[in-house]
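Reminder, nothing fancy here: chain letters follow the sequence lines and each chain counts from 1.
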Amino acid sequence: MKSLVQILEDRISQSLRTATGLDVCPALVAPSKSPQFGDYQANGVMAAAKQIGVNPRQLAQQVVAILAIEDLCESPQIAGPGFINLRLKTSLLEKRLLGMFTDKARLGIDKTRTPKTIVVDYSGPNIAKEMHVGHLRSTILGDCISRLLEFEGHIVIRQNHIGDWGTQFGKVILALWHLCMARKRGLNTIQTDQKYLLEHSEDAEAIKAYCRNIRDRHEQDYEEDKKNVRGDGELYFGPFLELLPTIKEQIWPQLLEAYQFVNTLEELSENLGLTILTRKINNGQSEYISIPYESLSRHITAMLQKGGAENSQELNAWKCIKEITLAHCSDIYKTLNSKLTANDVRGESFYNPFLANVVKELRDKGLAVESEGAICVFPEGFVNKEGAPLPFIIQKSDGAYLYATTDLAALRFRIEELKADQIIYVTDARQALHFQMLFAAAKAAGWTDRQVDLIHVTFGTMLGADGRPFRTREGGTVKLQDLLEEAAEKARAVVEEKNPDLPESQKVQIAQAVGIGAVKYADYSNNRDSDYVFSFDKMLAMDGNTAPYMQYAYARIRSIERKSEGKEVDIERELREIHKTLALVDSSEIDLAKKLIQYDQAIEAAALQNRPNYLTSYLYDLSQTFSRFYNACPVLQAVDNRRPTRLLLCDLTARVIRHGMEDLLGITMPRQM
RNA sequence: GUCCCCGUAGCUCAAUGGAUAGAGCGUUGGCCUCCGGAGCCAAAGGUUAGAGGUUCGACUCCUCUCGGGGACGCCA
């Protein structure tokens, strides 16, 4: 079905053009805010009248006089300075409802006639780190945006730009090595050492002695771990890496621990003068050099980035860590009902081969120049604290590349290889400047010449009850997994209280759907630009604009179906003949019908501005309208000739709510709760 | 210093440049012989931080001021 607003817009614009002689004068049709102004209103007459210098009310008269719209609306009313108010005919409402009812998959909503290829970049967790609340908004916002655009008929390419490359990887590989040696000894040396270091961090002498011990042990392990040459790692570390994929789940928390330990150790051993002998490969020959102990991870990073067969063990370790991390992430995605999969992962490392070329191209084009030893682009209109041009650094003075370089390479890849017409980046608002400069640089380079839209979808911070960024009581970041588990737990308590007789397995499923749904819905229903206060109590409330309320509203409609059996009402048969029996009579039936046929508008508005809260507020509004109808109109007890219409309204309301919540927001809707 | 976001009812938040700025919570008062009361109806509650401007029309766009948060050369 063509969208009703579009039909009205086309018809009135046509008449408006005829009446004014103007080429462009949109009717600006929108749903009316108050029922006294009808159902829809055209706002375009005032602007058009202004343009040609006539009285707007008179112009409205002329437009209405030539407007052929009797098949849709009662006779249009002119009001205020020149609004055209439209009231839909009941016959049209019935026709639209039937159109929605017949289309099982899309509720009568057409796909776009101008499909685009749209890349949506979201989530972006880091390797070897646990996903925390900071990833929540990007992950679920990006997911909803992708679903919305996909439903509209666009070709959506999800991209999970994971942080799988960078200076921290030496640390992670080192962590893995410590873990390997701890296992070899069969002792939890990492925990013991970490505990000691943290407890004695004020005692310089103790720390120095302890670090020296660790270093000595380290060198000894390194010495022992060889098959052919010293430190080749083939005796212990190599086999350990092969074992890793089979013990992913156990090793994950240990790896996080070990990573913390490496950080602590590096911090505390700085400037203690400890050194370590390590291998460096030059032209295929092993050399052994002595480096400061605290710089060992940086040395490993360098080896990893240098690549080549002789550093293949580092590369293997990196691959293992990546795999383990992604297993953790996909657990979270599954819990969140996110559609992200391993196929969508294209991390920073993927773009390594393109980085040098990106810099070269920008230099060749005269956009990138050397400044204080670094290679920078100075996009127009950006200034720093001193009012001087602000650099977008794409290569550090030591020759290394940065995330700006990677982002440029990714952007070019998405345009050239993925054929993107639009790229949407879903990251928090703090990166706004980075993306502004990135987009400016890409435009200057001519990469967006064939009409590529670059959009940064920003969002605010999640705050705790104290109004400060959401943290644990100890001040650390909140792990996403813990948060989601707690949500399900709290929801479980609610289910237990309200519906204790359900079978256990169903309770578990409902608690999961309610808990996770509540977290997601709370986020979606807020304007993404605002910071928002995270509160389990509020999001799990059964009143107001919350997931549990929506789920309840849905379950209540579904329960009508269950009840029908006892009442000997054959819903299926009555709906099969609905095209003959449909008749909207009661005002609350008509109100609900009007709300139902506006679903397409809610989706369009949400997709156009990447704002899921437009969708949630529609769904909430729909539920409230349904509640009014439900209160006023008996369904199963209705007299025979009124019942089919009411059954249809119930069916469509349930389907719209389910579609919006489950298909577009990814929130599970139990049929019973 | 420059730039970005936010400031709306007591509280938490909405509002594609359109008419009288809306919900929920809380407050007050109603409604069950009835399909799930986790409901419905109603009332009270506002100088949209402030001052200018653009517009037929401004919470919305522009300028300035105040308040909160954030970004700003080799981290991502």
When both distances are under 3.5 Å in a Watson-Crick or G-U wobble arrangement, the nucleotide paired with B:U63 is B:A51
Atom-pair distance (CG on A:Asn263; C1' on B:C75), nearest Å:
14 Å
Closest of B:U16, B:G73, B:G69 to the A:Glu372 side chain is B:G73
How do A:Cys376 and A:Asn631 order along RNA chain B: which one's closest nucleotide is nearer the 5' end?
A:Asn631
If you look at every strand shown and take non-hydrogen atoms under 4.0 Å, does A:Val635 touch a base, only sugar-phosphate, or nothing?
base
Does a side-chain N or O from A:Gln624 land closer than 4.0 Å to OP1 or OP2 of B:G24, or not?
yes
Taking the C1' atom of each, how far is B:U48 from B:G1, in whole Å?
30 Å
Looking only at atom P, what distance separates B:C25 and B:U54, rounded to whole Å?
43 Å
Protein-nucleotide distance (A:Lys33, atom NZ; B:A58, atom P), rounded to Å
13 Å
Applying the 3.5 Å cut-off to both distances, the Watson-Crick or G-U partner of B:A43 turns out to be B:U27
Looking at A:Asn613, I'd like to know whether one of its side-chain N or O atoms comes within less than 4.0 Å of OP1 or OP2 on B:A15.
yes
Watson-Crick or G-U wobble mate for B:U2, both contacts under 3.5 Å
B:A71
Less than 5.5 Å between centroids and less than 30° between ring planes, does A:Tyr620 satisfy that with B:A23?
no
Identify which nucleotide among B:C41, B:A15, B:C35 has an atom closest to any side-chain atom of A:Tyr630, counting heavy atoms from C-beta outward.
B:C35
With a 6.0 Å cut-off on ring centres, are A:Phe413 and A:Phe350 close enough?
yes
Within a strict 4.5 Å, meaning less than it, do heavy atoms of the A:Leu649 and A:Phe629 side chains meet?
yes
Who is the Watson-Crick or G-U wobble partner of B:A14, with both distances under 3.5 Å?
none
Between atom CG in A:Asn352 and atom P in B:A76, what is the gap in whole Å?
12 Å
When the P atoms of B:G17 and B:G73 are compared, how many Å lie between them, rounded to an integer?
35 Å
Give a yes or no on whether a donor-acceptor pair under 3.5 Å exists between the nucleobase atoms of B:A38, that is its base, and the side chain of A:Tyr552.
no
Output yes when at least one side-chain N/O atom of A:Arg556 is less than 4.0 Å from OP1 or OP2 of B:G37, else no.
yes
For the side chain of A:Tyr549, counting heavy atoms from C-beta on, which of B:U12, B:G18, B:C40 is nearest?
B:C40
Side-chain atoms of A:Gln609 come closest, of B:U16, B:C74, B:C35, to B:U16
Ignoring hydrogens and geometry beyond distance, is a side-chain donor-acceptor pair present between A:His135 and A:Ser123 at under 3.5 Å?
no
Pair A:Phe83 + A:Tyr40: ring centers closer than 6.0 Å
no
Nearest of B:C34, B:C40, B:G73 to any side-chain atom of A:Pro391?
B:G73
Taken to the nearest whole Å, CD1/A:Ile78 to C1'/B:G18 is 16 Å
Is it true that A:Asn545 and A:Ser525 share a donor-acceptor pair across their side chains at a distance under 3.5 Å?
no
Which of B:C74, B:G18, B:G39 is nearest the side chain of A:Gln41? It is B:G18
Reckon A:Asn43 touches a base, only the sugar-phosphate, or nothing at all at heavy-atom distances under 4.0 Å?
base
Applying the 3.5 Å cut-off to both distances, the Watson-Crick or G-U partner of B:U33 turns out to be none
For the side chain of A:Asn384, counting heavy atoms from C-beta on, which of B:G39, B:A19, B:C72 is nearest?
B:C72
Is the NZ or CZ atom of A:Arg556 positioned over A:Tyr630's six-membered ring, under 6.0 angstrom from the centre and within 45° of the axis?
yes
Taking atom types as they are modelled, would you say the side chain of A:Asn85 forms a donor-acceptor pair with the base of B:A19 within the 3.5 Å cutoff?
yes
For B:C4 and A:Arg430 - does any side-chain N or O of the residue sit under 4.0 Å from the phosphate oxygens OP1/OP2?
no
Should A:Lys396 be listed as having a side-chain N or O under 4.0 Å from OP1 or OP2 of B:C75?
yes
Tell me which nucleotide, if any, is Watson-Crick or G-U wobble paired with B:A9 when both distances must be under 3.5 Å.
none
Any side-chain donor near an acceptor of the partner, A:Asp537 and A:Ser535, under 3.5 Å
no
Please state whether the phosphate of B:A23, meaning OP1 or OP2, lies under 4.0 angstrom from any side-chain nitrogen or oxygen of A:Ser525.
no
Syn or anti for B:G37? Use the chi torsion, O4'-C1'-N9-C4 for purines and O4'-C1'-N1-C2 for pyrimidines, with syn inside 90° of 0.
anti
Could you measure between the two C1' atoms, the one in B:G57 and the one in B:U65, and give it in whole Å?
26 Å
Please check the phosphate of B:A15 (OP1 and OP2 only) for any side-chain N or O of A:Asn527 closer than 4.0 Å.
yes
Answer with yes or no whether the side chains of A:Asp10 and A:Gln6 bring together a donor and an acceptor at under 3.5 Å.
yes
Within the modelled atom types, does a donor on one side and an acceptor on the other bring the side chain of A:Gln36 and the base of B:U20 under 3.5 Å apart?
yes
Given B:C13, B:C4, B:U16, which nucleotide is nearest the side-chain atoms of A:Ala432?
B:C4
Rounded to whole Å, CG of A:Asn545 lies from C1' of B:A15 at a distance of 13 Å
Integer-rounded Å distance: B:U2 P and A:Leu390 CG:
15 Å
Scan A:Ala374 against the nucleic acid and name what it touches under 4.0 Å (heavy atoms): base, sugar-phosphate only, or nothing.
base
Selection from B:U16, B:G18, B:G73 that lies nearest to any side-chain heavy atom of A:Tyr614
B:U16
If you check every side-chain atom of A:Phe83, which of B:A76, B:U2, B:A19 has the closest atom?
B:A19
Identify the residue among A:Asp39, A:Leu4, A:Val5, A:Leu652 that makes a side chain to side chain contact (heavy atoms under 4.5 Å, CB included) with A:Ile597.
A:Leu4
Rounded to the nearest angstrom, tell me the gap between atom CG in A:Leu636 and atom P in B:C34.
15 Å
Would you kindly give the NE2-to-C1' distance between A:His456 and B:C5, to the nearest whole Å?
12 Å
Please report the distance separating the C1' of B:A58 from the corresponding atom of B:G52, rounded so that it comes out in whole Å.
14 Å
